[in-house]
Engineer: 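I'd like to ask some things about the structure below.
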There are 2 protein chains.
Amino acid sequence: MTASGVRARVRAEMTDEIKAVARRHLATEGANLSLRAVARDMGMASSAVYRYFASRDELLTAMIIDAYNALGDTAEQAATGNSGLERFLNATSAVRDWALADPHQWALIYGSPVPGYQAPQDTVGPGTRVVLLIADLVKDAYENGEITDREEITGRFAEELRAVADQYTPGAPPRLVAASMSAFLHLSGAISAELFGQLTGSVEEDRRGFFEYQMRGAASLIGLR
Amino acid sequence: MTASGVRARVRAEMTDEIKAVARRHLATEGANLSLRAVARDMGMASSAVYRYFASRDELLTAMIIDAYNALGDTAEQAATGNSGLERFLNATSAVRDWALADPHQWALIYGSPVPGYQAPQDTVGPGTRVVLLIADLVKDAYENGEITDREEITGRFAEELRAVADQYTPGAPPRLVAASMSAFLHLSGAISAELFGQLTGSVEEDRRGFFEYQMRGAASLIGLR
DNA sequence: GAAAAAACAAGAGCAGTGCTCTCTGTATGG
DNA sequence: CCATACAGAGAGCACTGCTCTTGTTTTTTC
């Protein structure tokens, strides 16, 4: 291994450790991540952290990408089953479990954007993994004849969704893309509400059951059976 | 008007002005509201603001309550029409318009909670106005025979929702409460995603159309026609 | 192998933050 | 009329993100 290779590896390790400490802080403190506190925890000067991340926002961006990818991995691994419906329910349930296990990380990616923070281009790729997974899974079900016919959608947004469908899931009718996206938005709304305390006072005991009920509704709008 | 009445009135006006300035700051800056900046804008010392709000969190709480009520008013006023479906679509569309007009205020109430901020009891009442409006409107439609029959739900969450139904919309079957809440969560998810940039790259032109499509889906799950 | 260049780390410092404490006027209530 | 409660100001504490300068170490280049 070359000398420059060593340096690069040490740098990568350092970067990872900073992110790990930051993730720990995020889990306990919440979204107002303090670079200084992270540096303190690592026993280094705060200015030294700036060798690895140009700003607090850049560190946040890195953590957002990591979170998107962790969630994407989780959802993809869970999206198994004997039917499209089963795969959909398993995937969405895994997304919920992931969010419940680390609410702050969920808030980081699906909560309100950090003030002054504009999501850079690097985040859009990983950010679409879950919705693409759903669209893909629905397309599979469609090709297996598992989708109940529904009337095709019309309107300008239908045209826009046709373009999206052609790019990501060619061959799938636009209404399936629309319904998949709609299901994903329902998913994220249901999880965010549960995590952010919007459900307090109504469903307290059987939130999993209520969530599955909602996802079954979303699936029925898609036509999954 | 008594002398103490004057003092109380001045205090109320002062409180309102602080909130107004804070709202202006929120609209431009985002969620990291600075008490000092608000005080500066009002030409007073930051310490003087603490005569009116014990902490930044308390000011935020006041603004959250105001935002909930403003949104509640908007939704209630818009929930008119000749059918339950029309009322539902009008109300949800008004909610979306309100959120688009003031994204930061929407983020304040439906985005990720401010770090370290625990929503006090005062916010739960105003916070349920929109979902209660939907449930109420659905119950009206139910009593007018505008709801297509669907099978009743089962499970523990169904029992919990029955209790909620008995309290807020007595006489309505629990499945309507479940579907109303589900619709509301879909609503908030769709709006948050649109506001927080989750839709970037897919539906750009006809977001209103896509939103209405989604709300029609939610309405069909309720059985509204 | 020595010199030059690049990277790393630390510390001081700036401007901002929430919040507290103390002090001073002033308006209110008895 | 006077004691009191209250509004406001200012200084100060501990914290933040970030920059700039200084010194040290490591890597590259000759």
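Quick note on labels: first sequence line is chain A, next is B, and so on, each numbered from 1. The shown structure was predicted, so the numbers you read here are calculated from the model rather than taken from an experiment.
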Engineer: Do any of residues 37-46 of chain B sit with a heavy atom less than 4.0 Å from DNA chain D, and if so which?
Structural biologist: B/G43, B/M44, B/A45

Engineer: Listed by chain and number, what are the side-chain contact (heavy atoms from CB on, under 4.5 Å) partners of A/A37, not counting sequence neighbours?
Structural biologist: A/H25, A/S34, A/R40

Engineer: Write down the distance between CZ (B/R36) and P (D/dA11), rounded to a whole number of angstrom.
Structural biologist: 12 Å

Engineer: Give the rounded distance in Å between these two atoms: CD of A/E17 and P of C/dA9.
Structural biologist: 11 Å

Engineer: D/dT16 C1' sits how many Å from A/D57 CG, rounded?
Structural biologist: 14 Å

Engineer: For DNA chain C, please output the secondary structure as dot-bracket, reading 5' to 3'. Pairs are Watson-Crick or G-U wobble, both atom distances under 3.5 Å; mark crossing pairs with [ ], other-strand partners with |, unpaired with a dot.
Structural biologist: |||||||||||||||||||||||||||.||

Engineer: Distances for protein N/O vs nucleotides 20-25 of chain D N/O pairs under 3.5 angstrom?
Structural biologist:
none

Engineer: So, is B/Y52 near the phosphate of D/dG8, with a side-chain N or O under 4.0 Å from OP1 or OP2?
Structural biologist: yes

Engineer: Any pair with a residue in residues 41-55 of chain B that passes salt bridge (Lys or Arg N to Asp or Glu O under 4.0 Å), sequence neighbours left out, goes on the list, sorted by first then second residue, please.
Structural biologist: B/R24-B/D41

Engineer: Could you state the atom-to-atom distance from OH of B/Y50 to P of D/dG10 in whole Å?
Structural biologist: 17 Å

Engineer: So, is A/R11 near the phosphate of C/dC8, with a side-chain N or O under 4.0 Å from OP1 or OP2?
Structural biologist: yes

Engineer: Mind listing the side-chain donor-acceptor pairs of residues 184-201 of chain B below 3.5 Å, one per line with the distance, residues two or more places apart or on another chain?
Structural biologist:
{"unit_1": "B/H186", "atom_1": "NE2", "unit_2": "A/S182", "atom_2": "O", "d": "3.3"}
{"unit_1": "B/H186", "atom_1": "NE2", "unit_2": "A/S182", "atom_2": "OG", "d": "3.1"}
{"unit_1": "B/H186", "atom_1": "NE2", "unit_2": "B/Q214", "atom_2": "OE1", "d": "3.0"}
{"unit_1": "B/S188", "atom_1": "OG", "unit_2": "B/L185", "atom_2": "O", "d": "3.1"}
{"unit_1": "B/S192", "atom_1": "OG", "unit_2": "B/W106", "atom_2": "NE1", "d": "3.0"}
{"unit_1": "B/S192", "atom_1": "OG", "unit_2": "B/S188", "atom_2": "O", "d": "3.1"}
{"unit_1": "B/E194", "atom_1": "OE1", "unit_2": "B/R96", "atom_2": "NE", "d": "3.1"}
{"unit_1": "B/E194", "atom_1": "OE2", "unit_2": "B/R96", "atom_2": "NH2", "d": "2.9"}
{"unit_1": "B/Q198", "atom_1": "NE2", "unit_2": "A/Y68", "atom_2": "OH", "d": "2.9"}
{"unit_1": "B/T200", "atom_1": "OG1", "unit_2": "B/G197", "atom_2": "O", "d": "2.8"}

Engineer: Could you give the CE-to-P distance, from A/M14 to C/dA7, as a whole number of Å?
Structural biologist: 16 Å

Engineer: A/N32 CG to C/dG18 P: how many Å, rounded?
Structural biologist: 12 Å

Engineer: Whole Å only: how far is the CZ atom of B/F53 from the P atom of C/dT20?
Structural biologist: 16 Å

